[in-house]
Each structure stands twice: as structure tokens, then as C-alpha cells.
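Following: one structure in C-alpha cells, then a few remarks.
To find a chain, count down the sequence lines: A is the first, B the second, and so on, and within it residues start at 1.
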Amino acid sequence: MIHITLPDGAVREYPEGTSAADVAKSISEGLARKVLAAEVNGEVWDSSRPINSDASLKLLTWDDKNAKSTFWHSSAHLMAEALETIYPGVKFGIGPAIETGFYYDIDLGDRTLGEDDLKKIEDKMKELAKANSTFKREDVAKAKAVAYFTEKGDQYKIELLEGLDDGTITFYTQGNFTDLCRGPHIPNTSFIKAVKLTNIAGAYWRGNEKNKMLTRIYGVTYPAQKELDEYLVLLEEAKKRDHRRLGKELELFTFSEKVGSGLPLWLPKGAMLRERLQQFLQKAQIETGYLPVITPHIGSKQLYVTSGHWEKYGKDSFRPITTPQEGEEFMLKPMNCPHHCEIYASSPRSYKDLPLRLAEFGTVYRYEQRGELHGLTRVRGFTQDDAHLFCMPQQVSAEFKKVIDLVLYVFETLGFTEYTAQVSLRDKDDRSKYIGSEENWQIAEQAIIDAANDKGLKTVIEYGEAAFYGPKLDFMVRDALGRKWQLGTIQVDYNLPERFELEYVDVDNTRKRPVMIHRAPFGSMERFIAVLLEHCGGNLPLWLTPLQVKVLPISDKYSEYAHSLVATMKEDDIRAEVDDRSEKIGRKIRDTELMKTPYMLIVGEKEMADNTVAVRKHGEGDKGTFSVNDFITEIRNTVKEQIKGKNRPY
RNA sequence: GCUGUUGUAGCUCAGCGGUAGAGCACUUCCUUGGUAAGGAAGAGGUCGGCAGUUCAAUCCUGCUCAACAGCUCCA
């Protein structure tokens, strides 16, 4: 007999070789029908796999993350079975579960798939799922496994087998399909009731662009049609929050083929939003000791040779521009750091001058690969909320923490509560691509880890993600469709001060090298606004929104009163407009709601007589009648509250 | 950059080998109204661009530009 410990602490006795499914059955039949997999001593297993010694056991049903992942992994196998039935001879790469759903990379030879094919595969999957095939696990000797896939002619599986040790190899079979797989899987295919193949795309074998491109089919499955429907609705909702769509609807920005791809054009409302955001950060920065500077949009190529960027990124940049006669070369500024280094170097610095914090909303140009461009999140011309802090080595830690405070203040004010902080360190093995001494790297890496811990950030450490000149702390958020984007960044740099031979005179009258910290709380104005739009679904906070109040006169007769209200509000820095079109009030309300304007003031005979306004709030409806002064006070207070923040660093 | 899909009016889209259509938006007129679309008339497109096939191309073919999805990349 063995002892099974359940999550509630209860210990039960079962015969050796009992399975999670058996345990479930002993508790209740209903539970047994829902169990998809099990966690045995913390490891996810097939529910049918025999347990041969004492163990802790958690039965996994659909609500569990690991169960979903198992379910989707099995669905990938089901899709593979369908593919093999429809396209005999198809070769398979890998087919894992992902955050939502699964994919399988396949090699179809010369055949290409279209939308109609996806439907066909879906139907076949549903048919095969109904066949109720069991997922059977089998230990296989390496030689036998290689022989199996050699006969099948699947070179990808053979390549995968090369990386595996004999004795650890397992096959899973359902119906007529057998795959090399570590498992685990759900008990049988009949659990899969709803199937949707969402997407078809190319993907390089093993993620290497030198390898063959395989066809990747993405899909998602559910144990009930209702859940699939809900998921599809959710996807639609997410699309409505897409910043590219909101940017168009709210008239914030646009692109022009003539101007060029990846070069956003800010429309008046977008520019207003962006400038307001910039002023907000500028103010916080000045309060916390930053000094604004301004540098040109181009710089001599020599500047980037000195910085090392030419060598590293020159070939991937916009080509240098040349002067008419001399043949001098200039580059469109791809980053502000070298310019700021030269500002530092423009006069002798004492330890008393440090830290020197130079800030600039600097527009830079980078030649991003064509396929990388994406709305405002990945563009070729963008403005960084950049600053470079030059400090003594012993000041790094304190400066770093101050920057974290500033970033958190920005996030809090703009309502970002969900983000991850990623500590990007060097690749553990390959250190050839990094500039700078081992010792400096270690100090910097430790300083970042300590500062993040000190501030209580939830961090993920990523090896190999550091910049070539130093480690960094990046703040990441997700967009409406689940894609991850980096927002704020803080980076320690021991390299540029070296290359630009920056110095300060220390207390003991010796010359020393300062340390540089690059930082951008927004990351870039473009990307930040993109993510902000998606975050708030286009309902921008009152203090930031281009138009705060729209005054809607009920008829032309009250137009004058409406305009007088706007003039009054303007005195209190409230951004308001009148909709004086000859439309019915219902129509004006609808149009204003669609533009997501926070407040509507409806004014007619009554309001004009009493010097009041009927307030309607976006998304909430009629709020009743207020005196003009009360309304103005309300707006002013709300705005004040929004930008104050509890964690204001100044 | 790679693979695939798409490109028709300002926007969302329909259509088709015989020189274009809807709704919304826009303009004008009527309507002067009370919390999410009042009515009528009008204007607007060399069907992304360049070639080719054809008696004839928005439609077929090639190239090119752009957008979208994913992969690779991201100072």
C-alpha cells in the first residue's frame, strides 16, 4: 500500500500502482469525469499513470493552469493526427501548448494552406475527438525511436531525438498517431469539444532564421463550445482596445505611405495628449534634480564610432547622410547618449557636480526591420523620454533607487498596476558580445538586483537580455492582444564613460571615471501612449485627455450660453468645446460618447436661466444639474487628485 | 529580413474580364429639438503603384509599395 497526500492534507491509502484517475474515482464519479491530469509530487502527470510510492497528489481540472496546458498540448497532438490523415507524409516539428491554446510546426513540402484548409482540419479534429481515443504513454529505447521516425521520414523528430538521452524517451499514441513526447496528456480525446484554428504563419525550425521555415498552425480548444464562444468574444473586445484602432477613432495619430512606414504623424489631439504627458514627466524630473538639455537630430558618424554604436549597429541603421563638398558623414541620431556624453565632457567636472542628471525628450531614428513595424509600439522615428545620470560609483545604488521611484510614480499616476520588472543580465555562457570588465559587470548586475529587491519589485531575471554595454532593469507590460512590450528601462553603463574618457575630480584631487545610468520611464512617448491607450481602452484619465468637456446646446438658441461656459472653463484651464451643429441632442450625445469625452454638459432653456449645467458622464449617463462653479470645482479637484499620487517622489 | 494574407470613396466593407456600389462621415436645404443615430438632396474613387496577357483589366500574370499575423531582430 502507498500513502497519497491530498492538497487539504488528508492522507489516503491505496494499492501500489494506483493512478490519479483511480484516486479521483474513489472520491466521486463526478470528479473523476473532470480530471484532466494530476500533479504528483509537484510534477504534472497523466491521470492514468501508475503511482508506485508515497506521494502528494493534486487532481487537475480545467480551472487549473497546468490542466489547461495539458489539454492544449493534447489538442496539438489531435491536430497533428488530423493533419496526418488529411495530408499523408506531412512532417512534424514541435507542437507545444502556449498561454492560450497551442500550435504545431509542420512541413508540408510544397503545399501551402489557406483559410479553407483550416476549416477542413478543424472538422477532422472534431471528428477524431469524438472517436474517444486514449492517449497511451510508452517508454521507448532511443534506437527504436530513431528507427520509427527514420521509417516515417520525419527528420525533425530525429533531430530532436539527438538531443535526448536513452532511457528518458517516451512516445504518446492516440488513434493512429504516435508522437515523440514527454507528456503529460489528458486521458482521451473526447474531452476536446470545441476547436478553433485561429491562425497560420511561418516559423523557422528551432527559431533559427538559417533553418527551413515551417508552417505553424495556431489553435485553441475548449471542453465546451460555450467557453470557446466566450473566448472569441474576448478576442473581439481586445481588438477594440487595439491602440491602432483607437488612434484612428480618436483622431490621435496616423501614418502615410508617402511619408514612409514606421513614421507616425501626430494629429492635433494626439499631439496635445503627448505634450501633456511630456509636461507631466518634465515637471517631476525638474523637481527631482534633472537638468533639461537639447541636442540636434543628427551627429557626426565619428561620434558613433567613438561610442561603439557604429561598429555594433552601423550596418542596420539608416545610412549616413553626407555634406555636399567635404564628404563628411552624419547619422540620424539613433540614440541620445553620445550627445549627452559630450555635454558632460564640455566642462571639467568635480565630485561636487555629481550626480549630473541630463534629461532630454530626444527624437531618434532607427532602421527597424520591415516586418517589425507595429502601430506606435515599434516605429522608425520616436521620442525617448531620455536622461543620463552621471555619478560616482558609490552613488549608483542610490540613483538607481531614485529612478525606480520615479518610474513607479509614473506608473501609479497612469493606472498601471500590472507590469513585470525584468532584470536583464548577461548570457551565462557567451560573454563575447559584451563590452566592459568582468568586475564592473558584476558590480552593476548586483546593484540592479539589490535595488529592485529593496523597492519590493516583483522581478524576473533574464539571462542574455542585457545590452552590450551593461545590465538593465526593464518594465514590461502586455498589449490588448497579449503581446509583451517593454516600457520603462533603467540601464547601468560603465562603457560609454570609458569610450568618451569622461572624468571628474574627486575629493583627493585625483581624476576618476563616472558611471552612467540611462533611463526612460516611458520608454518612448510613442510606445507608452500606445500601451496607455490599450490599458484604458481609450478612456484617458481626465487630466490627460485632449478634450475634457463637450458642451451640447439643445438648440441654436443656447449656443451663445454654451460658448460663454467654454470661455469660463478656459479660465480654469479646463479643455472644453461646444458642439453647435444643428443636430438633435440625442445625436450630439451619441457622437460625443463615441469620442470618449469624459464630460458632457447639456444646456437648454432651464440651464441658461439658472446659470447651471446638466452633467452627463461618459459611460455613466446623466448625473443631474450642477451650478457652473460646482462643476468647475469638481473637475479641478479630480485633476489635482489624479496627478498628485501617493508615491510622488518630490 | 523570412513565410502567409490583404489593399475598392475620409471610415467600415460588398462587387466583378465589358471603364464601380452600400452604410457612416462630408456639403446644402428642411427641422430648433431635453440624455446614444430626425428628414431630403448633393458631392466624392485613374479600384495601392508599375509593367504584361487580352478586342477589352479594378478583376488574370509578374514586379513593387504598404498594412495585417507569426517567426527572426530590437542600441
Side-chain angles (χ1 to χ4, degrees), chain A residues 98 103 105 112-115 198-218 239 242 244-245 248-249 251 254-262 304 307-314 316-317 333-338 364 366-375 377-380 384 386 435 465-470 472 474 481 483 485-486 489 491 493 495-496 518 527 552-559 581-594 600-607 614-625:
Chain A
I98 51 177
Y103 68 79
D105 285 345
T112 55
L113 295 181
E115 291 290 316
T198 46
N199 202 350
I200 186 162
Y204 300 107
W205 168 235
R206 305 203 126 177
N208 187 330
E209 74 183 308
K210 293 196 180 69
N211 288 340
K212 178 163 184 185
M213 181 164 279
L214 305 179
T215 303
R216 177 171 293 181
I217 305 176
Y218 286 88
K239 277 186 193 155
D242 192 309
R244 292 167 297 185
R245 178 174 172 156
K248 196 175 271 176
E249 286 173 1
E251 300 165 13
T254 189
F255 289 90
S256 148
E257 274 193 38
K258 279 204 190 73
V259 172
S261 70
Y304 303 100
S307 71
H309 290 107
W310 172 255
E311 189 193 354
K312 188 88 181 168
Y313 296 102
D316 301 321
S317 297
K333 181 165 74 175
M335 79 285 300
N336 306 298
C337 346
V364 298
R366 296 178 183 176
Y367 184 79
E368 301 292 351
Q369 289 186 57
R370 211 160 258 309
E372 306 317 320
L373 303 172
H374 181 93
T377 49
R378 197 76 185 271
V379 288
R380 286 177 170 167
Q384 295 178 308
D386 213 356
I435 298 175
E465 290 293 311
F468 74 93
Y469 51 74
K472 44 182 190 173
D474 292 328
L481 299 174
R483 287 170 291 218
W485 298 99
Q486 180 205 307
T489 181
Q491 313 180 359
D493 185 351
N495 174 54
L496 280 183
H518 309 246
R527 182 175 294 173
L552 312 180
I554 288 189
S555 82
D556 295 348
K557 287 179 231 155
Y558 317 107
S559 177
R581 294 176 302 166
S582 291
E583 292 289 350
K584 285 197 169 166
I585 195 67
R587 176 52 180 271
K588 292 184 186 181
I589 288 170
R590 179 185 151 77
D591 290 346
T592 313
E593 286 283 352
L594 288 178
M600 277 163 259
L601 301 182
I602 288 119
V603 294
E605 194 178 352
K606 228 166 30 185
E607 288 76 14
V615 177
R616 188 189 160 99
K617 215 167 170 180
H618 170 67
E620 294 180 26
D622 194 357
K623 304 304 262 189
T625 304

Restricting both atoms to N or O, compile the protein contacts to nucleotides 38-49 of chain B shorter than 3.5 Å, with distance only.
| unit_1 | atom_1 | unit_2 | atom_2 | d |
| --- | --- | --- | --- | --- |
| B:G38 | OP1 | A:Arg587 | NH1 | 3.3 |

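Among the nucleotides B:U12, B:C74, B:G34, the one closest to any side-chain atom of A:Ile585 is B:G34. Relative to the side chain of A:Tyr469, the nucleotides B:U72, B:A75, B:G34 differ in distance, and B:A75 lies closest. Here the side chain of A:Tyr204 is nearest to one of B:C2, B:A36, B:A69, namely B:C2. Counting only heavy atoms from C-beta on, A:Gln369 has its side chain closest to B:C73 among B:G34, B:A69, B:C73. Between B:G1, B:G70, B:A36, one nucleotide has an atom nearer to the side chain of A:Tyr218 than all others, and that is B:G70. Comparing atom distances between the A:Ile554 side chain and each of B:G70, B:G33, B:G1 picks out B:G33 as nearest. Between B:U35, B:C73, B:A69, one nucleotide has an atom nearer to the side chain of A:Arg616 than all others, and that is B:U35. Relative to the side chain of A:His309, the nucleotides B:U12, B:A75, B:G70 differ in distance, and B:A75 lies closest. Comparing B:U3, B:U32, B:A75 by their closest approach to the side chain of A:Lys557 singles out B:U32. When each of B:A37, B:A66, B:G33 is scored by its nearest atom to the side-chain atoms of A:Ser261, the top-ranked nucleotide is B:A66.
With P as the reference atom, B:C60 and B:U5 are 14 Å apart, rounded to whole Å. Going from the P atom of B:A36 to that of B:A43 covers 35 Å, rounded to whole Å. Between B:U6 and B:C47, the two C1' atoms lie 14 Å apart (nearest whole Å). The same atom, C1', is picked in B:U19 and in B:U35; the two are 49 Å apart, to the nearest Å. Using atom P as the reference point in both B:U46 and B:C11, the two lie 13 Å apart (nearest Å). For the C1' atom pair drawn from B:G33 and B:A22, the interatomic distance equals 30 Å after rounding to whole Å. Separating the P atom of B:G21 from that of B:G44 is a span of 13 Å, rounded to the nearest Å. Going from the C1' atom of B:G18 to that of B:A56 covers 6 Å, rounded to whole Å.
A distance of 14.5 Å separates CZ of A:Arg590 from CD1 of A:Ile585, quoted to the nearest 0.5 Å. Atoms CG and OG1, on A:Leu552 and A:Thr592 in that order, are 4.5 Å from each other to the nearest 0.5 Å. Atom CD1 in A:Ile554 sits 6.0 Å away from atom CD in A:Glu607 (nearest 0.5 Å). Going from atom CD of A:Gln384 over to atom NZ of A:Lys333 covers 8.5 Å, rounded to the nearest 0.5 Å.
The distance from atom CD of A:Glu368 to atom C1' of B:C2 is 17 Å, rounded to the nearest whole Å. In this structure, CD of A:Glu372 is placed 12 Å from C1' of B:A69, rounded to the nearest angstrom. Taking atom NZ on A:Lys312 and atom P on B:C73, their separation rounds to 13 Å, with Å as the unit. As rounded to whole Å, 10 Å separates atom C1' of B:U5 from atom CD1 of A:Ile200. Distance CD (A:Glu593) to C1' (B:U35): 9 Å, rounded to an integer number of Å. Rounded to an integer number of Å, the gap from CZ of A:Arg380 to C1' of B:C73 is 13 Å. Atom CG in A:Asp591 sits roughly 14 Å away from atom C1' in B:C11 (whole-Å rounding). Summarising the geometry, the separation between CZ on A:Arg590 and P on B:G34 is reported as 19 Å, rounded to the nearest angstrom.
Within 3.5 Å, no donor on the side chain of A:Arg370 pairs with an acceptor on the base of B:C73, nor the reverse. The base of B:A69 is not paired with the side chain of A:Arg216 by any donor and acceptor separated by under 3.5 Å. Below the 3.5 angstrom threshold, one finds a donor paired with an acceptor across the side chain of A:Glu607 and the base of B:G34. Side-chain atoms of A:Tyr558 and base atoms of B:G33 include no donor and acceptor less than 3.5 Å apart.
Counting non-hydrogen atoms under 4.0 angstrom, A:Ser307 reaches nothing in the nucleic acid. Nucleic acid contact for A:Asn199: sugar-phosphate only, since backbone atoms but no base atoms lie under 4.0 Å from a heavy atom of the residue. Among the heavy atoms of the strands lying under 4.0 Å from A:Lys606 is at least one base atom, whether or not backbone atoms are also near. Contacts of A:Tyr367 with the nucleic acid, taken as non-hydrogen atoms under 4.0 Å apart, involve only primed sugar atoms and P, OP1 or OP2. Counting non-hydrogen atoms under 4.0 angstrom, A:Arg244 reaches the backbone sugars and phosphates but no base. At the heavy-atom level, A:Gly621 lies nowhere under 4.0 Å from the strands shown. Using a 4.0 Å heavy-atom cutoff across all strands shown, A:His374 reaches sugar-phosphate atoms only and no base atom. The residue A:Glu249 sits apart from the nucleic acid: no heavy atom pair falls under 4.0 Å. Nucleic acid contact class of A:Arg483 (heavy atoms, under 4.0 Å, all strands): sugar-phosphate only.
Counting only heavy atoms from C-beta outward, the side chains of A:Arg483 and A:His374 approach each other to under 4.5 Å. Contact annotation: the side chain of A:Tyr304 never approaches that of A:Ser317 to less than 4.5 Å [non-hydrogen atoms, C-beta and beyond].
In this structure, A:Val615 and A:Asp622 approach most closely via the heavy-atom pair O-OD1, 3.3 Å. Between A:Ser261 and A:Leu373, the closest heavy-atom pair is OG-CD1, 3.4 Å. Heavy atoms only, all atoms of each residue included: A:Gln491 and A:Ala467 are closest at OE1-CB, 4.4 Å.
One N or O on the side chain of A:Arg380 and one on the backbone of A:Glu368 form a donor-acceptor pair closer than 3.5 Å.
Looking at RNA chain B, the stems built from 3 or more consecutive Watson-Crick or G-U wobble pairs, each pair with its key distances under 3.5 Å, are B:1-7 with B:65-71, B:10-13 with B:21-24, B:26-30 with B:38-42, B:48-52 with B:60-64.
If you run side chain to side chain donor-acceptor pair (under 3.5 Å) between A:Asp242 and each of A:Arg244, A:Arg245, A:Lys239, only A:Arg244 comes through.
Checked for salt-bridge contact, A:Glu605 and A:Lys557 miss the test: no charged N lies under 4.0 Å from a carboxylate O.
Between A:Tyr469 and A:His309, the angle of the ring planes goes over 60°, which puts this pair in the perpendicular group of the 30/60° scheme.
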